[in-house]
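These notes concern the structure reproduced below.
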Amino acid sequence: PAELKWQWEREAKTHLGMRAEVLCSTRPPKSGLHRQARLYVINYDILGRRRDARSGPGWLEWLKELRPGLIIIDECQMISGGNSLRTRSVRELCRGVRHVLALSGTPFVNRPAELRPVLNMLKPKAFPAPWSFYREFCGLKRKPWGWDWTGASNLNRLNKLLLKEVIIRRRKEDVLADLPPKMLCVVPLELSDMREYRRAHNDFLKWLTELSPERARRAARAE
């Protein structure tokens, strides 16, 4: 996710002494970006921008040319949609890469089917075609409108298979002694329009009425 890119940069410097190149623009710049960093950090949303005639190649093509030795997929639950552009882009980036890690505190949110895309990237031989996975672990059913794989089945077998093939799990109680104490920080931000803020603060309904009378009426009715 975009909001974690700079955190990855800081942690790489703190724990590895490694400089990370954070990729921010929607496409690779024409110049000024060197292919010499050992670690590149990119968010999902700009990875999926593809090559076009006017702007040239996207980040996916640029990164594949680097022939990466390791891909780390952070918050991997964000690529749970099998046919989404985001998932297809990550799958293409990982193709042929020797080492792939997927990190998450919540590998899937609702149902086993959400696991299949990332499992296929990690171990394509163990988790090949989607239909075999849906049939065994997703309670595959034929409905009047088509096939439904939003269920769950054989969860004990799935759990054993995951632990055998792909999952290294660390519970909080296992690593609590290694974690730093929680830090609460207040980050002051400068407002771009202090005068507008004070008007809203002093008389919110009057300020909202000038923007949208209908929204002001709804706000007036709220408790």
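- Within the 3.5 Å criterion, the main-chain N or O of G151 finds no donor-acceptor partner in the side chain of R111.
- The two residues A20 and A12 come nearest to each other via the heavy atoms CB-CB, 4.5 Å.
- In this structure, the side chains of E136 and R157 come closer than 4.5 Å at one or more pairs of heavy atoms.
- Residues L122 and L103 are members of separate hydrophobic clusters, defined by side-chain heavy-atom contacts under 4.5 angstrom among Ile, Leu, Val, Met, Phe, Trp and Tyr.
- Proximity of a side-chain donor or acceptor of S80 to a complementary backbone N or O of E114 within less than 3.5 Å is not detected.
- We find the NZ-CG distance between K64 and L66 to be 11.0 Å, quoted to the nearest 0.5 Å.
- Note that the CD1 atom of I79 and the CZ atom of R86 stand 9.0 Å from one another [nearest 0.5 Å].
- Heavy-atom minimum distance, T87 versus S84: OG1-OG, 2.9 Å.
- Closest non-hydrogen pair, P112 versus F133, comes out as O-CE2, 3.5 Å.
- Under a 3.5 Å cut-off, the side chain of E61 and the backbone N or O of G58 do form a donor-acceptor pair.
- No more than 12 heavy atoms of other residues, nucleotides or ligands lie within 6.0 Å of CG in N156, so this atom counts as exposed by the packing criterion.
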Salt bridge (charged side-chain N to carboxylate O under 4.0 Å, His left out) for E21 and R38? Distances and angles first, verdict last.
CA-CA 8 Å; E21 186 78 50; R38 295 180 61 198; over 6 Å; no

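- R199 and E210 are joined by a salt bridge, as a carboxylate oxygen and a charged side-chain nitrogen come within less than 4.0 angstrom of each other.
- Formation of a donor-acceptor pair under 3.5 Å by the S25 side chain with backbone atoms of P28 is not found in this model.
- The CG atom of L60 lies 9.5 Å from the CG atom of L85; values are rounded to the nearest 0.5 Å.
- With a 4.5 Å cut-off on side-chain heavy atoms, R198 and M194 count as touching.
- Under a cut-off of 6.0 angstrom, the local environment of CG in N202 is crowded, with over 12 non-hydrogen atoms contributed by other residues, nucleotides or ligands.
- Between W207 and F204, the angle of the ring planes lies from 30° to 60°, which puts this pair in the tilted group.
- Among all heavy-atom pairs drawn from Q77 and T106, the shortest one is CB-O, 3.3 Å.
- Looking at heavy atoms from C-beta onward, L70 lies out of side-chain contact with V97 at the 4.5 angstrom threshold.
- W147 carries R142 over the face of its six-membered ring, with the cationic atom under 6.0 Å from the centre and within 45° of the normal.
- Counting heavy atoms from C-beta on, the side chains of P68 and L63 never come closer than 4.5 Å.
- Cluster membership for V175 and L163, using ILVMFWY side-chain heavy atoms within less than 4.5 angstrom, is not shared.
- When ring centroids are compared, W62 and Y40 come within the 6.0 Å threshold.
- At a threshold of 4.5 Å between non-hydrogen side-chain atoms, the residues L115 and L162 count as touching.
- The shortest non-hydrogen separation linking Y44 to E75 is OH-O, 3.5 Å.
- The distance from the CG atom of D45 to the OG1 atom of T26 is 11.5 Å, given to the nearest 0.5 Å.
- No side-chain heavy atom of I71 sits less than 4.5 Å from a side-chain heavy atom of L101.
- Looking only at side-chain heavy atoms (C-beta outward), V22 and C24 come within less than 4.5 Å of each other.
- With values rounded to the nearest 0.5 angstrom, R135 atom CZ is found 12.0 Å from N154 atom CG.
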Could you go through F127 and V166, starting from their C-alpha distance and side-chain angles, then the distance that decides it, and tell me whether this counts as side-chain contact (heavy atoms from CB on, under 4.5 Å)?
CA-CA 10 Å; F127 303 95; V166 294; 4.1 Å; yes

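- One N or O on the side chain of D203 and one on the backbone of K206 form a donor-acceptor pair closer than 3.5 Å.
- Not a single donor-acceptor pair under 3.5 Å links the side chain of K13 to the backbone N or O of W8.
- Among all heavy-atom pairs drawn from P128 and R116, the shortest one is O-NH1, 2.9 Å.
- Counting heavy atoms from C-beta on, the side chains of N120 and P117 never come closer than 4.5 Å.
- Judged by distance alone, with hydrogens and angles left aside, the side-chain atoms of K5 form a donor-acceptor pair with the main-chain N or O of L23 at under 3.5 Å.
- Between the CD atom in E92 and the SG atom in C94 there is a gap of 9.5 Å [rounded to 0.5 Å].
- Using a cut-off of 4.0 Å between Lys/Arg side-chain N and Asp/Glu carboxylate O, D148 and K143 are scored as salt-bridged.
- Taking a cutoff of 4.0 Å between a charged side-chain nitrogen and a carboxylate oxygen, E9 and R19 do not qualify as a salt bridge.
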